[in-house]
Amino acid sequence: MPETAPPDSSLPALPARTLRRALLTWYDGARRELPWRTPRGETPDPWRVLVSELMLQQTTVATVQGRFEPFLARFPTLAALAEAPLEEVLHAWQGLGYYRRARALHACARAVIERHGGRLPLTADALADLPGIGAYTAAAIAAIAGEEAVVPVDANVERVLSRVLAMEAPLPGARPKLRASAQRLAAPERAGDFAQALMELGALVCTPRRPACLACPWQRWCAAARRGDQESFPRKVERAPRAVRHATAFLLERVDGAVLFRRRPLEGLLGGMIELPSTPWLEDPEAVAAAMADSAPARTVWTPIPGEVRHVFTHLDLTVRLVRGTIEDGEDGMWTRPFRFSELALPTFTKKLLRHAGLRW
DNA sequence: TACGCGTGGGG
DNA sequence: TCCCCAAGCGT
């Protein structure tokens with residue numbers, strides 16, 4: 001007789017109503033106070049929900065917590081952000097990463113003005129048509145701000161459900177199945193709380209490593225916990241290794257202390273953000289040396305700054321050497337003295353280089 | 001479908 | 001130091 005893997009259990013076999021009640025009861029006692037959360041029973045401002053959800057895409061709660069209120073103070077309403085130039089939105093997004101989100105939020109706000117009279121739609125279908133809003137974010141906003149009975153599925157929910165089901169199929173291929181399973185748990189009552197409770201469970205109890213199963217309101221229904229291999233879920237397909245790149249960046253200073261910057265193209269990595277001039281980012285360090293003459297922003301004496309700066313992006317491991325040069329003046333470009341660096345949309349990568357050069361602002 | 005897209009924290 | 005991971009989206 002051939003060996004067969006145990007079949008995945010399925011949510012329809014689980015008592016949805018009982019699961020919902022257990023989770024909501026747990027949530028009422030365990031929920032964190034977060035800047036974008038209103039007191040229980042109060043309906044949140046859709047604009048605040050939209051901003052929080054965009055910020056939280058692939059970004060930890062800890063990071064967003066310190067950034068949310070300052071951003072809201074600068075852009076208190078959807079209309080305020082729609083009226084602002086993109087450059088200001090990028091500036092406010094410094095350090096948050098995935099800068100396309102800032103452009104998407106800007107485009108989204110303008111689309112809401114044009115297509116919805118300035119009022120954010122609160123159904124998942126309508127939300128999903130807006131820039132930067134995909135399946136997860138549409139469901140999250142619709143549930144939290146609109147009390148629509150939809151279940152957003154983020155990485156927390158994927159982890160929780162893949163464990164409850166002991167789902168052998170790996171992510172991301174199994175995502176549609178997980179979304180369908182999640183939606184079977186939806187209820188018309190307390191849709192926003194249920195959505196947040198499910199994510200909160202993943203964040204506080206059903207964690208990637210060493211989940212606190214003894215504190216879990218769903219433990220008795222969890223197939224993985226029963227088997228004792230809960231940490232092995234969700235199964236995932238192996239990722240490609242990160243590419244390695246090298247570059248040399250040019251710190252060109254004018255006699256008045258101004259530094260030459262440039263803006264990256266809107267599309268692609270660090271789109272629209274400000275950087276130091278540099279060689280192309282190349283696999284071969286020797287090719288970088290060969291590219292220096294063509295890449296230098298001015299003809300002057302370039303003095304190496306000792307050491308190097310390593311910056312790891314999602315799919316790139318970049319090592320940068322810095323050289324410093326001085327010119328009298330006359331060069332066109334984005335010249336900025338250090339006391340005005342704070343006005344530039346500087347990604348962390350650029351700030352690292354500036355700090356490595358000993359500049360403070 | 002698979003890949004490009006930042007950054008910081010935890011183990 | 002290294003690896004994993006995070007309230008994903010667009011193409």
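In what follows, every chain begins at residue 1, and chains take the letters A, B, ... in the order their sequences are listed.
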Select base, sugar-phosphate, or nothing to describe what Ser52(A) touches, counting heavy atoms under 4.0 Å on all strands.
-> nothing
How is Pro347(A) classified with respect to the nucleic acid when contacts are heavy atoms under 4.0 Å: base, sugar-phosphate, or nothing?
-> sugar-phosphate
Closer to the 5' end of DNA chain C via nearest nucleotide, is it Ile133(A) or Gln196(A)?
-> Gln196(A)
Are Ile144(A) and Leu78(A) connected in a single hydrophobic cluster, I mean Ile/Leu/Val/Met/Phe/Trp/Tyr linked by side-chain heavy atoms less than 4.5 Å apart?
-> yes
With heavy atoms under 4.0 Å as the rule, sort Leu316(A) into base, sugar-phosphate or nothing.
-> nothing
DNA chain C: 5'-proximal contact among Trp36(A) and Leu130(A) (nearest heavy atom) = Trp36(A)
Between Tyr99(A) and Ala240(A), just flag the one whose closest nucleotide in DNA chain B comes earlier from the 5' side.
-> Ala240(A)
Before accepting this row, confirm whether a basic side-chain N of the pair Glu200(A)/Arg32(A) lies closer than 4.0 Å to the acidic partner's carboxylate O.
-> yes
With a non-hydrogen cut-off below 4.0 angstrom, is Leu34(A) in contact with a base, only sugar-phosphate, or nothing?
-> base
Using a 4.0 Å heavy-atom cut-off across all strands, classify Arg37(A) as base, sugar-phosphate, or nothing.
-> base
Residue from Arg263(A), Arg264(A), Lys351(A), Lys352(A) passing salt bridge (Lys or Arg N to Asp or Glu O under 4.0 Å) with Glu275(A) | Arg264(A)
Might you confirm whether atom CZ of Arg340(A) has over 12 heavy atoms from other residues, nucleotides or ligands at distances under 6.0 Å?
-> no
Which is true for Gly95(A) with a 4.0 Å heavy-atom rule: it touches a base, it touches only sugar-phosphate, or it touches nothing?
-> sugar-phosphate
Give Gly173(A) one of three labels, base, sugar-phosphate or nothing, depending on what nucleic acid heavy atoms sit under 4.0 Å from its own.
-> nothing
Using a heavy-atom cut-off of 4.0 Å to chain A, what are the terminal contacting nucleotides of DNA chain C, in 5' to 3' order?
-> dC2(C) to dG10(C)
Determine the contact category for Thr314(A): base if any of its heavy atoms lies under 4.0 Å from a base atom, sugar-phosphate if only primed atoms, P, OP1 or OP2 are that close, otherwise nothing.
-> base
Quick one: list whatever passes ring pair (Phe, Tyr, Trp, His ring centres under 6.0 Å) with His311(A), sequence neighbours left out.
-> Phe313(A), Phe349(A)
Counting any heavy atom closer than 4.0 Å, what does Ala140(A) reach on the DNA or RNA strands: base, sugar-phosphate only, or nothing?
-> nothing
If you look at every strand shown and take non-hydrogen atoms under 4.0 Å, does Trp93(A) touch a base, only sugar-phosphate, or nothing?
-> nothing
Partner set under ring pair (Phe, Tyr, Trp, His ring centres under 6.0 Å) for Tyr27(A), not counting sequence neighbours = none
With the 4.5 Å side-chain cut-off for hydrophobic clustering, are Leu344(A) and Leu353(A) part of the same group?
-> yes
Start at the 5' end of DNA chain B and walk down; is the nucleotide closest to Arg210(A) or to Leu270(A) reached first?
-> Leu270(A)
Does any non-hydrogen side-chain atom of Arg184(A) lie less than 4.5 Å from one of Ser181(A)?
-> yes
Just call it for Ala195(A): base, sugar-phosphate, or nothing, with non-hydrogen atoms closer than 4.0 Å on any strand.
-> nothing
When rounded to the nearest Å, what value does the distance between C1' atoms of dC5(C) and dC5(B) take?
-> 16 Å
With sequence neighbours excluded, what pairs up with Phe261(A) under the ring pair (Phe, Tyr, Trp, His ring centres under 6.0 Å) test?
-> Phe341(A)
Quantified in whole Å, what is the C1' atom distance between nucleotide dA7(C) and nucleotide dA2(B)?
-> 23 Å
Taking the six-membered ring for Trp, are Trp361(A) and Phe339(A) ring centroids under 6.0 Å apart?
-> no
Which ILVMFWY residues can you reach from Val288(A) by hopping between side chains whose heavy atoms are under 4.5 Å apart?
-> Leu282(A)
Counting any heavy atom closer than 4.0 Å, what does Arg310(A) reach on the DNA or RNA strands: base, sugar-phosphate only, or nothing?
-> sugar-phosphate
Which nucleotide span of DNA chain B, 5' end to 3' end, has atoms closer than 4.0 Å to non-hydrogen atoms of chain A?
-> dG4(B) to dG11(B)
For Val157(A), report the nucleic acid contact type (base, sugar-phosphate, nothing); a contact means any heavy atom under 4.0 Å.
-> nothing
P atoms of dG6(B) and dT11(C), separation to the nearest Å | 15 Å
Quick one: label Pro131(A) by what it contacts on the DNA or RNA (base, sugar-phosphate, nothing), any heavy atom closer than 4.0 Å.
-> sugar-phosphate
